[in-house]
S.K.: 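Following this message is one structure expressed as structure tokens.
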Amino acid sequence: MGVVRPQWVRCGKANCRCASGQREDLHGPYYYRFFRENGRLRKMYVPKAQLEAIQEGCARRQLEERAFRSRRDAARRELRRLNQALESYQDDYA
């Protein structure tokens, strides 16, 4: 799902206050969701009306990813332990 981050932007009008490039003169904050798609970093505008729902979705997805990685790592450790036990068993009866 990615993460949601605020950004301040320039509008592109030559005589706008934001043309100076100073942070306090930029427009915003506008919120964007950053995520990876096919290995590339993508950015999508998040309307204020959807901001809270998208942030909750991102947080939920991050928790799911952490839980998955934890289970995966535990399974890898168990597989390593079982392989070592099998090698030990084969050494004893070979």
Side-chain angles (χ1 to χ4, degrees):
M1 189 90 184
V3 296
V4 177
R5 296 283 184 246
Q7 286 192 336
W8 286 260
V9 298
R10 292 187 183 116
C11 67
K13 296 177 184 173
N15 55 350
C16 181
R17 64 183 167 90
C18 69
S20 72
Q22 298 299 316
R23 169 89 183 238
E24 58 273 1
D25 292 335
L26 297 177
H27 301 284
Y30 293 104
Y31 292 88
Y32 294 89
R33 180 171 70 99
F34 292 86
F35 58 98
R36 293 223 174 252
E37 183 177 74
N38 297 325
R40 296 187 66 170
L41 184 62
R42 301 290 185 186
K43 173 177 146 177
M44 186 174 75
Y45 173 72
V46 176
K48 282 192 179 185
Q50 298 175 3
L51 179 61
E52 191 173 322
I54 301 264
Q55 285 175 324
E56 288 173 1
C58 288
R60 187 173 45 253
R61 175 65 182 202
Q62 289 169 2
L63 286 173
E64 290 170 357
E65 285 290 324
R66 279 190 209 114
F68 170 78
R69 285 193 298 268
S70 177
R71 289 190 307 270
R72 181 197 61 202
D73 293 345
R76 285 179 175 169
R77 285 190 300 273
E78 181 64 12
L79 182 59
R80 234 179 280 123
R81 187 190 68 76
L82 289 171
N83 280 333
Q84 289 171 349
L86 180 60
E87 287 174 5
S88 175
Y89 176 80
Q90 288 173 339
D91 289 344
D92 290 345
Y93 293 98

S.K.: Using the ring pair (Phe, Tyr, Trp, His ring centres under 6.0 Å) rule, collect all pairs that involve residues 59-83, keeping only residues at least two apart or in two chains.
M.R.: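 As it turns out, there is no ring pair (Phe, Tyr, Trp, His ring centres under 6.0 Å) pair with a partner in residues 59-83 once direct neighbours are skipped.
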S.K.: Tell me every residue that passes side-chain contact (heavy atoms from CB on, under 4.5 Å) with Asp73, counting only those two or more places apart in sequence or in another chain.
M.R.: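 Applying side-chain contact (heavy atoms from CB on, under 4.5 Å) to Asp73 gives Arg76, Arg77.
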S.K.: Quick one: list whatever passes side-chain hydrogen bond (donor to acceptor under 3.5 Å, both in side chains) with Glu78, sequence neighbours left out.
M.R.: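 Checked Glu78 against side-chain hydrogen bond (donor to acceptor under 3.5 Å, both in side chains); matches are Arg81.
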S.K.: Please list, one pair per line, the donor and acceptor atoms closer than 3.5 Å that link side chains of residues 16-35 to other protein atoms, with sequence neighbours excluded.
M.R.:
residue: Arg17; atom: NH1; partner: Asp25; partner atom: O; Å: 2.8
residue: Ser20; atom: OG; partner: Arg17; partner atom: O; Å: 3.4
residue: Ser20; atom: OG; partner: Gln22; partner atom: N; Å: 3.3
residue: Ser20; atom: OG; partner: Asp25; partner atom: OD2; Å: 2.8
residue: Arg33; atom: NH1; partner: Met1; partner atom: O; Å: 2.7

S.K.: Throw together a table of side-chain donor-acceptor distances under 3.5 angstrom for residues 42-52, partners on residues two or more places apart or in other chains.
M.R.:
residue: Lys43; atom: NZ; partner: Gln7; partner atom: OE1; Å: 2.8

S.K.: Mind checking side-chain hydrogen bond (donor to acceptor under 3.5 Å, both in side chains) for Arg61 and listing every partner two or more places apart, or none if nothing turns up?
M.R.: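 Once residues adjacent in sequence are excluded, the partners of Arg61 under the side-chain hydrogen bond (donor to acceptor under 3.5 Å, both in side chains) criterion are Glu65.
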S.K.: List in chain and number order the residues that pass side-chain hydrogen bond (donor to acceptor under 3.5 Å, both in side chains) with Arg40, two or more places apart in sequence or in another chain; answer none if no residue qualifies.
M.R.: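 Listed in chain order: nothing, the list is empty.
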